[in-house]
Amino acid sequence: IAVELTGRRVTMDGLDAFVAVVRDTTQILRMNEALLRSQARYRSLVDNSDQCAFFTQDRKIIYANPAAVRWFGGGSNDLNGVPSLHLIHPEDREYALRRRKELIAGDPNKEVQLRAISPPAEHIDDATKVIWVRLHGSIVEWQGSHGVLMFLTDITALRESEERISMALAKERELGDLKTRFVSMASHEFRTPLATIQTSSELLQHYSERLSRDERNEALTDIQRAVQRMQAMMDRFLAFGRMDAGSTVFAPSATSLRPYILGLIRETRAADAAQHEVCAKFDASVGETLELMLDQTLLGQMILNLITNA
């Protein structure tokens, strides 16, 4: 067993004597040994962990495990004395300080996500490596004063995956909005020609014998114009779909500009039930024989869109 012996010299009845007290310290010794073994095991776990571990006091690093040294570079003692804020991206330091104060105040949430930099520095440059980390901090006592024990886990791949998922969801929402707008626009755009077709067809069905030849021809012309207008709108919608999908093919060919533009205007007039006036004014340099390399399909869609939306 282990004992602790204390004693002192005394005088009793005129005689010198020695009083001794023996205390069994076996249990205390075993507890201290267990504590030392526990500390050694914990130190071994930290030293061999894949996570970066730091212990800081007064905002300076006094211990960094091998994983932290490997990631942040330098020798085994190079991180000692480095300001802990130099591990953190300058744009995240104010946030880190605020979370440190909250942790000291007893905030139960001990985790935070921020950007770390390597090598540690007050400022960053093109050579600085930046990763996203999950930082877990705890207030612990070390050699009579408090410090912060931090574990850093690289979550860069997780953040990038979350960003890709977020972008995909945003694109899906945008596609949903586009479909909704398309249905709304198609409903509005097709309503007028469909009404024209229905009215003209009912007129021919029920009153054909009472109508003159010119009146019947006018009703048939209205139906043809309505069909042409619907066909033109469908072509535009299909063109928009190909452009959104990135499958539009550019196929230029030699085109006489003036005759081509005038032909498009005639098409528009034929499909315009309201018979709006559409005029074309050409610069003096655009003669009858001027030819350019143009994609007639794409140019025609653009011009018809401009005219019909005017």
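Numbers for residues simply follow the sequence, beginning at 1. Just the heavy atoms: all of them, side chains too, but no hydrogens, waters or symmetry mates, feed the values below.
- Of the residues listed (Val112, Val148, Thr56), the one engaging Arg100 in a side chain to side chain contact (heavy atoms under 4.5 Å, CB included) is Val148, and it is the only one.
- Trp71 and Ala116 make their closest contact through CH2-O, 4.4 Å (heavy atoms, listed as atom of the first residue, atom of the second, distance).
- Here salt bridge (Lys or Arg N to Asp or Glu O under 4.0 Å) pairs that include residues 196-213, with residues two or more places apart or in two chains, number zero.
- Partners of Asp125 according to the side chain to side chain donor-acceptor pair (under 3.5 Å) rule, which considers only residues two or more places apart in sequence or in another chain, are Thr128.
- Residues Phe54 and Ile88 fall within the same hydrophobic cluster, defined by Ile, Leu, Val, Met, Phe, Trp and Tyr side chains chained together at heavy-atom separations under 4.5 Å.
- Counting non-hydrogen atoms of neighbouring residues, nucleotides and ligands closer than 6.0 angstrom, the CG atom of Asp58 reaches no more than 12 such neighbours.
- With sequence neighbours left out, the side chain to side chain contact (heavy atoms under 4.5 Å, CB included) criterion links Ile62 to Phe55, Gln57, Trp142.
- Applying the side chain to side chain contact (heavy atoms under 4.5 Å, CB included) rule to Leu97 yields the partners Arg59, Leu85; only residues at least two apart in sequence or on another chain are considered.
- Applying the side chain to side chain donor-acceptor pair (under 3.5 Å) definition to pairs two or more places apart or across chains, those involving residues 85-94 are Glu91-Arg115, Asp92-Arg115.
- There is no path of hydrophobic side-chain contacts, each under 4.5 Å, that joins Leu114 to Val130.
- Remark: Glu102 pairs with Arg99 by the salt bridge (Lys or Arg N to Asp or Glu O under 4.0 Å) rule, at least two apart or across chains.
- Other members of the cluster containing Met293 do not exist, because no ILVMFWY side chain is joined to it at under 4.5 Å.
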**Q.** Intermediate values then yes/no, side-chain contact (heavy atoms from CB on, under 4.5 Å), Leu135 and Phe151
**A.** CA-CA 6 Å; Leu135 187 153; Phe151 289 93; over 6 Å; no

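- If you chain together ILVMFWY residues whose side-chain heavy atoms come under 4.5 Å of each other, Leu15 ends up in a group of its own.
- Taking Gln113 as the reference, Arg159 meet the side chain to side chain donor-acceptor pair (under 3.5 Å) condition, with sequence neighbours excluded.
- Across all non-hydrogen atoms, the minimal contact from Lys60 to Gly81 is CD-O, 3.8 Å.
- For Glu162, the side chain to side chain donor-acceptor pair (under 3.5 Å) criterion is met by no residue, not counting sequence neighbours.
- Counting non-hydrogen atoms of other residues, nucleotides and ligands closer than 6.0 Å to CD of Glu111 gives a total above 12.
- Looking at Asn65, its side chain never comes within 3.5 Å of a backbone N or O of Cys52 through a donor-acceptor pair.
- Counting heavy atoms from C-beta outward, Asp222 and Thr199 have side chains that stay 4.5 Å or more apart.
- Within the structure, the side chain to side chain donor-acceptor pair (under 3.5 Å) test picks out the following pairs touching residues 147-158 (sequence neighbours left out): Gln51-Thr153, Asp154-Thr156.
- The two residues Ser84 and Ile61 have their closest heavy-atom pair at CA-CG1, 4.4 Å.
- Linking Ile, Leu, Val, Met, Phe, Trp and Tyr residues whenever their side-chain heavy atoms come within less than 4.5 Å places Leu294 and Phe282 in a single cluster.
- Under the side chain to side chain donor-acceptor pair (under 3.5 Å) criterion, Asp214 pairs with no residue at all, not counting sequence neighbours.
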Q: Assess whether side-chain contact (heavy atoms from CB on, under 4.5 Å) is satisfied between Ser138 and His136, documenting all intermediate values.
A: CA-CA 7 Å; Ser138 300; His136 183 282; 3.5 Å; yes

